[in-house]
J.: 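Here you go, one structure.
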Amino acid sequence: MKTPKSFRPEFIELAKHDPALLELESFTKSLAKTTTSYSWMREFYGRVKPRVCSLVGFDRCGGPAELKTMDAYDTVYQHCCLIMEFPRYR
């Protein structure tokens, strides 16, 4: 089994700019505990991704420029994917 890259170090650096990212991480971890393999897509795209989009990337309103980049979005998105244990990232 291939070990996925950890996005946690980069994620923590981004979270220094907005503590809401740590809340997102906590929410995603709690969701991952109750999400079945049949519902992970619905849960991720319906509940996690909208939060990711509001906190980082081009859709973020206000806040530091570091959080408005594609790299920030990719880091947070992939970190949440690893938490949810998407098959693609296993």
J.: In terms of relative ring orientation, are Tyr77 and Tyr45 parallel, tilted or perpendicular, with 30° and 60° separating the classes?
T.: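 Rings of Tyr77 and Tyr45: tilted, as their planes differ by 30° to 60°.
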
J.: Taking all non-hydrogen atoms of both residues into account, name the closest pair between Phe44 and Pro50 and its distance.
T.: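 So the two residues come closest at O-CD, 4.2 Å.
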
J.: Check the pair Trp40 / Glu85 against side-chain contact (heavy atoms from CB on, under 4.5 Å), numbers first and verdict last.
T.: CA-CA 9 Å; Trp40 65 261; Glu85 295 183 359; over 6 Å; no

J.: Give the C-alpha distance, both sets of side-chain angles, the deciding distance and a yes or no for side-chain contact (heavy atoms from CB on, under 4.5 Å) between Glu43 and Val48.
T.: CA-CA 7 Å; Glu43 295 296 337; Val48 176; over 6 Å; no

J.: Are any non-hydrogen side-chain atoms of Tyr73 and Cys53 less than 4.5 angstrom apart?
T.: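 Tyr73 reaches Cys53 side chain to side chain.
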
J.: To the nearest 0.5 Å, tell me how far Met41 CE sits from Met84 CE.
T.: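 Going from CE on Met41 over to CE on Met84, the span is 11.5 Å.
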
J.: Is a salt bridge present between Arg8 and Glu25, judged by a nitrogen-to-oxygen distance below 4.0 Å?
T.: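 Looking at Arg8 and Glu25, the cut-off is met.
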
J.: What distance do Phe11 atom CZ and Leu82 atom CG have between them, rounded to the nearest 0.5 Å?
T.: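 The CZ atom of Phe11 sits 11.5 Å away from the CG atom of Leu82.
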
J.: Under 3.5 Å, which donor-acceptor pairs link side chains of residues 59-67 to any protein atom two or more places apart or in another chain?
T.:
residue: Arg60; atom: NE; partner: Gly62; partner atom: O; Å: 3.0
residue: Arg60; atom: NH1; partner: Asp18; partner atom: OD2; Å: 2.9
residue: Arg60; atom: NH1; partner: Leu55; partner atom: O; Å: 2.7
residue: Arg60; atom: NH2; partner: Asp18; partner atom: OD2; Å: 3.2

J.: Check whether Thr35 reaches the backbone of Leu31 with its side chain - one donor and one acceptor, N or O, closer than 3.5 Å.
T.: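 Yes; judged by distance alone, with no hydrogens or angles, the pair exists.
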
J.: Measure the spacing between CG of Leu24 and NZ of Lys29 and express it to the nearest 0.5 Å.
T.: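 One gets 11.0 Å once the value is rounded to the nearest 0.5 Å.
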
J.: Please name all residues satisfying side chain to side chain donor-acceptor pair (under 3.5 Å) with Thr69, sequence neighbours left out, ordered by chain then number.
T.: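 Counting only residues at least two positions away or on another chain, Thr69 forms no side chain to side chain donor-acceptor pair (under 3.5 Å).
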
J.: Without swapping roles, check the side chain of Ser26 against the backbone of Leu22 for a donor-acceptor pair under 3.5 Å.
T.: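 Looks like no, no N/O pair under 3.5 Å.
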
J.: Identify, with sequence neighbours excluded, every residue that meets side chain to side chain donor-acceptor pair (under 3.5 Å) alongside Lys16.
T.: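 In terms of side chain to side chain donor-acceptor pair (under 3.5 Å), with neighbours along the sequence ignored, Lys16 is linked to Glu13.
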
J.: Considering all heavy atoms of both residues, which atom of Val52 and which atom of Cys80 are nearest to each other, and what is their separation?
T.: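 Shortest heavy-atom separation between Val52 and Cys80 comes out as CG2-SG, 4.1 Å.
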
